[in-house]
A.B. asks: 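I have a structure I would like to understand better, so I am pasting it below and will then ask my questions one at a time.
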There are 2 protein chains.
Amino acid sequence: MAVRVRIEDVAEAAGVSMKTVSRVLNREPNVREDTRVRVQAAVDALNYKPHPSARSLAGHKSYLVALLYDNPSPNYLMEVIAGVLDACETQQYNMMMCPLDFGSPTFMNAVESMIAHSQPDGLILTPPITDAPALLKRLDELELAYASISPRKQKQCMGVAIDETRAAFDMMQHLVSLGHRRIGHIKGHPEHGASDWRLQGYRDGLQKAGIPFDPDLVVDGEFSFESGVRGAEKLLQLRERPTAIFAANDDMAAGVIGVALRLGLRVPEDVSVCGFDNTPMSLQIYPPLTTVHQPSRDMGRIAALELLTAIRKRDAGKMLQIPYTLKLRQSTGPLG
Amino acid sequence: MAVRVRIEDVAEAAGVSMKTVSRVLNREPNVREDTRVRVQAAVDALNYKPHPSARSLAGHKSYLVALLYDNPSPNYLMEVIAGVLDACETQQYNMMMCPLDFGSPTFMNAVESMIAHSQPDGLILTPPITDAPALLKRLDELELAYASISPRKQKQCMGVAIDETRAAFDMMQHLVSLGHRRIGHIKGHPEHGASDWRLQGYRDGLQKAGIPFDPDLVVDGEFSFESGVRGAEKLLQLRERPTAIFAANDDMAAGVIGVALRLGLRVPEDVSVCGFDNTPMSLQIYPPLTTVHQPSRDMGRIAALELLTAIRKRDAGKMLQIPYTLKLRQSTGPLG
DNA sequence: CGTTGAATTGACAGCGTTGTCATCTTCGCT
DNA sequence: AGCGAAGATGACAACGCTGTCAATTCAACG
């Protein structure tokens, strides 16, 4: 392994001091344009990379953001991760993964210990960890910046979200436009804000169409395939069967389709089914699932970008809302 | 945020020098037992955590392992990640994620740049990156330790694998035992060793059952759902249709089931379908998929453990083989 | 052309740990 | 007791970078 190129070598090559190279590298102000160019050229020529530990030690920063998660969906997480890594790369930051057990009594201990050990400069929170009051309080105490993805209380923090209520409402409009009036809903995990928002969109959709809300048509779920199966078993065996079922996510919708097929029902001729999230699986089941595309990768990227900017500028950052897309596929249709 | 406890504080509390504390922390030899106990007590009392960057800077180690991947399966990756994180935690190591584009002409540049920037103490390679000759050669040059998960050439490196050929063979035995004689196979991505091993198991199974190999019954695939769809379309439209299809992974098997249903075939009454990997999806489609459980999380953990041990002891490490399990479910059965 | 304040640059001391090497103990043996 | 070797401990200089603050250059103005 070749000897490491140090900032000193770059400084010499560019004919400036180490400190000036440091300034260029960290995009600090008060460097003349021609100096900046000259230094950058030397950096490129020598293919210099600052030593992360040295930077961190001297600069009292870790150049680390921690991604906290307790989310059963690998698809969702890998998308978020890809987005966060994207953003980190551009800013010479690193990401560390922090799998956590949200419900556990040792949750806060695990977080404290992670923070003490790794000293991240900021955190990215994913649902449902976005909504742990004890955590948020502690982070404020520590003055540790964090960005939340789809948190419940969006007024109060920086991060990114989509308008889930409106997306669910749009989905309902779609079902109504196909002629459905008896529409069932399987709720998501009660700890996730998404469950409430999607339910709200469902109710808004009913109201807009002048359909009275029927509590029998709304059943509990928890975002898992199995809970979708259970929900579908309840809904599809009602005396007066719904003609469409809006599951609060794709995994549950897949469960619904499985049950429907098992009961000898055709999808969508006998019952329309739709989900939410646009997971890869939604295209891999038969029939392909009508769903809402949630741009998770972009959300990861944007959350990380917001966070890094906030860290650098030491400001508060804002909550961004980005667009979703309805994916109308073959699992919904008029009654056949 | 409280002031950081430093090694100096611990040294003072224990009445020894910083260096001695350092020795205790790093389990170095030549410390008297009573000193070790006293120092450890001080460490615990002060809840001291060494500063990772300082350690890294002074010790010329990064305490980082890099996980290299270019694998389209989020499930697989998240499992491996969970295992690797498990192992790292016990050894005060960190993991960094390195998404890579295996086919790209800039592949090696990306790796070089990652290594130069992050200076990991070791790498964990996942398929198909396990089989990039240029990479392996370079790592040897750099004397950088790496552990491979399911690499092609298992004699020559440290890591972990399952006996995929035998697992595929077992699956064939299962199909044969159900009475199938016309069994199709959809191959995996040609860059993955798994594709070859699973095909070999398929052929071994045929041979064992005395069934001649029919090239028409083996079609190309690339581990994606869509390629499974294409493969199934070819196989299920042969004049003489196979009664069972063994897809080289679950995603493709899901594609096969989708096509079968679309063609009005019943699974498993008209055609049995099985896959490989035991992804969560294999339980979420209808009917539930017969498959091989690959213990990815354990494989991640074991690979990381081997790697960390090798780094510490500066030795070569070995290739471990761990057991798989057949999951017999409803997508396979006798002809109905 | 000198003066002044702002913009730019540099010298140098840390940051918190470990490696090196010197020193001090301890122990076994004569 | 005296000696040598091995074991235990400590002093101190790195590690490669950034923060601080002083020094220098520059631009604008009277």
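Letters go in sequence order (proteins before strands), and every chain restarts at 1.
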A.B. asks: Nearest to the side chain of Lys19(A), which nucleotide is it out of dC15(C), dT17(C), dT20(D)?
C.D. replies: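 Closest nucleotide among those given: dT20(D).
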A.B. asks: Does one side chain, of Thr126(A) or Asn71(A), offer a donor that lies under 3.5 Å from an acceptor on the other?
C.D. replies: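 Their side chains do not contain a donor-acceptor pair, so the 3.5 Å distance test is not met.
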A.B. asks: Whether the Gln91(B) and Arg312(B) side chains hold a donor-acceptor pair (N or O, under 3.5 Å, no angle test) is what I'd like checked.
C.D. replies: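 Distance-only check passes for Gln91(B) and Arg312(B).
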A.B. asks: Under 4.0 angstrom, heavy atoms only, what part of the nucleic acid is Glu28(B) near: base, sugar-phosphate, or nothing?
C.D. replies: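 Answer is sugar-phosphate: Glu28(B) comes under 4.0 Å of backbone atoms only.
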A.B. asks: Could you tell me whether Tyr63(B) contacts a base, only the sugar-phosphate backbone, or nothing, with contacts defined as non-hydrogen atoms closer than 4.0 Å?
C.D. replies: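 It contacts nothing in the nucleic acid.
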A.B. asks: Respond yes when some side-chain nitrogen or oxygen of Ser22(A) is under 4.0 Å from OP1 or OP2 of dC17(D), and no when none is.
C.D. replies: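 No, outside the criterion.
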A.B. asks: Is the closest side-chain donor-acceptor distance between Ser53(A) and Ser56(B) under 3.5 Å?
C.D. replies: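 Yes.
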A.B. asks: Check the distance between dC17(D)'s C1' and Arg6(A)'s CZ and give it to me in whole angstrom.
C.D. replies: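 About 11 Å, once rounded to whole Å.
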A.B. asks: Are Arg6(A) and Tyr48(A) in a cation-pi setup, meaning NZ or CZ lies under 6.0 angstrom from the ring centre and within 45 degrees of the ring axis?
C.D. replies: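 Verdict for Tyr48(A): no cation-pi partner in Arg6(A).
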A.B. asks: When the nearest nucleotide of DNA chain D is assigned to Ser17(B) and to Val21(A) on a heavy-atom basis, which residue is associated with the more 5' position?
C.D. replies: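 Taking each residue's closest nucleotide, the earlier one in sequence belongs to Ser17(B).
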A.B. asks: Can you measure Leu57(A) atom CG to dA13(C) atom P for me and round it to whole angstrom units?
C.D. replies: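 Leu57(A) atom CG is separated from dA13(C) atom P by 17 Å.
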A.B. asks: Applying a 4.0 Å non-hydrogen cut-off, can you work out what Thr35(B) is touching in the nucleic acid: base, sugar-phosphate, or nothing?
C.D. replies: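 If one applies the 4.0 Å heavy-atom cut-off, Thr35(B) turns out to touch the sugar-phosphate alone, with no base involved.
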A.B. asks: Please report the distance, rounded to the nearest Å, between NZ in Lys61(B) and P in dA14(D).
C.D. replies: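 Between P of dA14(D) and NZ of Lys61(B): 20 Å.
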A.B. asks: What's the CZ-P distance between Arg27(B) and dT18(C), to the nearest Å?
C.D. replies: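 The answer, rounded to whole Å, is 13 Å.
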A.B. asks: Please evaluate the base of dG10(C) for a donor-acceptor partner in the side chain of Arg23(A) within a cut-off of under 3.5 Å?
C.D. replies: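 A donor-acceptor contact between them is present.
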A.B. asks: Determine whether Arg301(A) and Asp86(A) satisfy the following criterion, salt bridge (Lys or Arg N to Asp or Glu O under 4.0 Å), listing intermediate values before the conclusion.
C.D. replies: CA-CA 6 Å; Arg301(A) 187 195 346 265; Asp86(A) 256 17; 2.4 Å; yes
A.B. asks: Starting at CD of Gln92(A) and ending at P of dT18(D), how long is that distance when rounded to a whole Å?
C.D. replies: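 Atom CD in Gln92(A) sits about 10 Å away from atom P in dT18(D).
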A.B. asks: Take atom CD1 of Ile7(A) and atom C1' of dG19(D), then tell me their distance rounded to the nearest Å.
C.D. replies: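 From Ile7(A) CD1 to dG19(D) C1': 13 Å.
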A.B. asks: Between Ala54(B) and Met18(B), name the one whose nearest nucleotide on DNA chain D is closer to the 5' end.
C.D. replies: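 Residue closer to the 5' terminus by nearest nucleotide: Met18(B).
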A.B. asks: Side-chain N or O of Arg32(A) versus OP1/OP2 of dT8(C): is the shortest distance under 4.0 Å?
C.D. replies: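 Indeed not, no polar side-chain atom of Arg32(A) lies that close.
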A.B. asks: Tell me the interatomic distance from Arg38(B), atom CZ, to dG10(D), atom C1', rounded to whole angstroms.
C.D. replies: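 These atoms are roughly 14 Å apart.
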A.B. asks: Over how many whole Å does the gap from Asn30(A) atom CG to dG5(C) atom P extend?
C.D. replies: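 About 18 Å, once rounded to whole Å.
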A.B. asks: Has Thr20(B) got a side-chain N or O lying under 4.0 Å from the OP1 or OP2 atom of dG10(D)?
C.D. replies: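 For dG10(D), OP1/OP2 do have a side-chain N/O of Thr20(B) under 4.0 Å.
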